[in-house]
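Treat the numbers as computed from the prediction; the structure is a model and nothing was measured. Here is how names work: the chains are called A, B, and so on, in the same order as the sequence lines, proteins then strands, and each is numbered from 1.
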Number of protein chains: 2
Amino acid sequence: MSKLRSAPTLDDVARMAGVSTATVSRCLNNPDRVVDATRERVLSAVDTLGYTPNFAARVMAAKRTSTIGAIIPTMENAIFARGLQAFQEELHKHGYTLLVSSSAYKPEIEEEQIRTLVARGADGLLLIGHDRDRKIHDDLERRKIPVLVAWSFLPDARVPSVGFDNRAAMFELAHRVIELGHRRIGVISGVSAGNDRARHRIEGIQDAARQNGLLSSDVMMLETPYEIENGAEAFSKLMSQDAPPTAILCGNDVLAVGALHRAREMGLRVPDDVSITGFDDIELARIATPALTTVHVPHREMGRRAALELVGMLENQTQGTGTRLATHIVERQSLGPPAKA
Amino acid sequence: MSKLRSAPTLDDVARMAGVSTATVSRCLNNPDRVVDATRERVLSAVDTLGYTPNFAARVMAAKRTSTIGAIIPTMENAIFARGLQAFQEELHKHGYTLLVSSSAYKPEIEEEQIRTLVARGADGLLLIGHDRDRKIHDDLERRKIPVLVAWSFLPDARVPSVGFDNRAAMFELAHRVIELGHRRIGVISGVSAGNDRARHRIEGIQDAARQNGLLSSDVMMLETPYEIENGAEAFSKLMSQDAPPTAILCGNDVLAVGALHRAREMGLRVPDDVSITGFDDIELARIATPALTTVHVPHREMGRRAALELVGMLENQTQGTGTRLATHIVERQSLGPPAKA
DNA sequence: ATGAAAAATGCAAGCGCTTACATTGCTGCT
DNA sequence: AGCAGCAATGTAAGCGCTTGCATTTTTCAT
């Protein structure tokens, strides 16, 4: 498979322009270190030859790829789409390319992807959430690869993070729900093992329950993978109990939409018969019927900040400080007071 | 000795295992060409050193990346998510890695992404749709990089494709709509310039209209980017005419969900006051209220087939034959007969 | 045992680029 | 005119790996 046979190389360009390869390289990477006349000659050779630098060779020689790797739990729904889009746009402005892969929420896959991205020479890494085998960070540290965590801000974690306080955010929402009069609360959480965001959201709910004098038996919790169908199933289970909850807090919007859908199938009116809330405020939340009350996360801002932070770490060799972003509740139609008993 | 703080290389492993670098390389790439005892020794050195092959170096030496590049129009919604997922799973089985990037439906960005992927050494490329500057294919051909097109099957295009007949699929749906009695049809299409899929879907509608004796003035067409909000806007425009359509065919499910949403906001009942249909059958279509009548596309099958085809082209140096997949209408609640006038 | 074929391993030449250092060619000062 | 000093360009040493070919070791039929 010698497909490269026909691709022109630096040498070809140099020969055609009558200069050394060093000069061609400079034309491409430090144009101002070459005199105008030469540069023009070289660039026109590049043009007529249709030359494109060989990435692998460049990486080998320069020991730097200008590439950032990101591993997100899923690409199947829009949870990370908007933030990642902003991340990549900002990266692009600074001359970096983004490589994305997804871990399907599986730690072992995430680890494999990290290795792949590192082997491919990622100059820096964006990871989601803090929960992770510490050996991974040991290894990354040893290789001196800057890592930034997003979607979860923890002030004194080992790795700097750009994100929000999942616990406080969910606390606020749960508090609001209880304040409306709900006393039996259902929770449909994502799988919390290895997922600090899911865990912190649960804790936020528990904080609010405790603080408002609910018993732990008033809170019915279910964990399930983050998919619409699972939200629906969990909803059924929760509502088929003797004293079903009057409000159901979901770990994210996807789960909430599943719950919403099942509620309709079961002939339950939302929020009259049961309230349902989400988390993330992705587009789906606005579109759902009824529109979802949820926690708004500043996705684009988070992505942009993460990019700036990571680029800063890369170019100044600094440790990175992290940023905590604010979230807020968006009240739409899916949350109301409980029905009068 | 000074390697301690940076990534170990093949040399380090070789030294530690007391063999040559060639042997280490073979252990990693052709394990059976090395005797057991040696292999074990080498692998344990790999392990204790935490060695990971340097991708760029490997590519340079082997002239092959085992990487496939794919450029899809968007990652923001789920249109391509499922198919791409299947594509990558199948690729993985054959030892290939997938690199994805998105073009935002812009030809010039697609072109840039192609160059990037090629520079990065993609062994093969998956592209969406056939519309594309021919120079791009000239260049790819010259570099001998196999290309496969998906999401649109064209039997005698320059490049082999795995997909379905967009025109026929949309024809079938439009025919069904007209058969139900609709005479004034609205169409919310994606932007057709540079997008053969959008264009063929429009043509399918026109075929059906003509064949059923509708006048071209009975079909009101709007083009708009593929986003929910645009679907909503287009819906408003279409319905604010003197004689608004009784059925609206949307170029994809995303647009249709936008239309559905706006209908509700305007107090129109679907399908009693107006019918709305989609295309693609992504999860959103099932979840929407009312559930969307749409054209089912075998996303996973398409992704899988595309992977097999592309791997075949790569490994057998063949041209690729392409595959046409069948679609079918999924009737849910958003389509009904027109209201009695 | 013995030698030839087969299996295992080693040697070393690149792959296409960047970059430290060396060389050449100018500028403008005295 | 002569030369320091700098700008422009060239030279060549790798970067870490794979692989064709050479060499050594093992296997096995005799």
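Among the protein residues, B/Thr23 comes within range of the sugar-phosphate backbone only, with heavy atoms under 4.0 Å from sugar or phosphate atoms but none that close to a base. If you check every strand for non-hydrogen atoms under 4.0 Å, B/Ala22 touches a base. Among the heavy atoms of the strands lying under 4.0 Å from A/Arg64 are primed sugar atoms or P, OP1, OP2 only; no base atom is included. When heavy atoms are screened at a 4.0 angstrom cut-off, A/Val59 is found touching no nucleic acid atom at all. A/Phe55 comes within contact range of no nucleotide atom at all, as no heavy-atom separation falls under 4.0 Å.
With D/dG10, D/dT18, D/dT9 as the candidates, the nucleotide lying closest to the side chain of B/Ser25 is D/dT18. The side chain of A/Val34 sits closest to D/dT9 out of D/dT9, D/dT18, C/dT18. When distances are taken from the side chain of A/Ser20 to each of D/dC17, D/dG10, D/dC15, the shortest belongs to D/dG10.
Using modelled atom types and a 3.5 Å distance limit, the side chains of A/His94 and A/Glu90 yield a donor-acceptor pair. Side-chain contact, B/Asp123 with B/Thr65: a donor N or O sits under 3.5 Å from an acceptor N or O.
The separation between A/Arg41 atom CZ and D/dG10 atom P is 8 Å, rounded to whole Å. Between the CG atom of B/Asn30 and the P atom of C/dA7 there is a distance of 15 Å, rounded to whole Å. Atom CG in A/Asp11 sits about 12 Å away from atom P in D/dT11, given to the nearest Å. The distance from atom CG of A/Asp12 to atom C1' of C/dG16 is 10 Å, rounded to the nearest whole Å. Distance, B/Arg58 CZ to C/dC17 P: 21 Å, rounded to whole Å. Following rounding to the nearest Å, A/Arg39 (CZ) and D/dA7 (P) show an atom-to-atom distance of 16 Å. A/Leu28 places its CG atom 12 Å from the P atom of C/dT19, with the value rounded to the nearest Å. Atom-to-atom, CE of A/Met60 to P of D/dG14 comes out at 13 Å; the value is rounded to the nearest Å.
Heavy-atom nearest nucleotides on DNA chain D were determined for B/Arg33 and for B/Tyr51, and the one closer to the 5' end corresponds to B/Tyr51. If B/Thr52 and B/Arg26 are placed on DNA chain D by their nearest nucleotide, the residue sitting closer to the 5' end is B/Thr52. In terms of position along DNA chain C, the nucleotide closest to B/Val24 lies nearer the 5' end than the nucleotide closest to the other residue of the pair B/Val24 and B/Ala57.
Panel note: side chain A/Arg324, backbone A/Pro155; no donor-acceptor pair is recorded below 3.5 Å.
Annotation: the span from A/Leu99 atom CG to B/Leu99 atom CG amounts to 4.5 Å, rounded to 0.5 Å.
Distances shorter than 4.0 Å separate some side-chain N or O of B/Thr38 from OP1 or OP2 on C/dT9. Close to C/dT18, at under 4.0 Å from its OP1 or OP2, lies a side-chain N or O of A/Asn29.
The number of heavy-atom neighbours closer than 6.0 Å to CZ of A/Arg158, taken from other residues, nucleotides and ligands shown, is above 12. Surrounding CZ of B/Arg120 are more than 12 heavy atoms belonging to other residues, nucleotides or ligands, all under 6.0 Å away.
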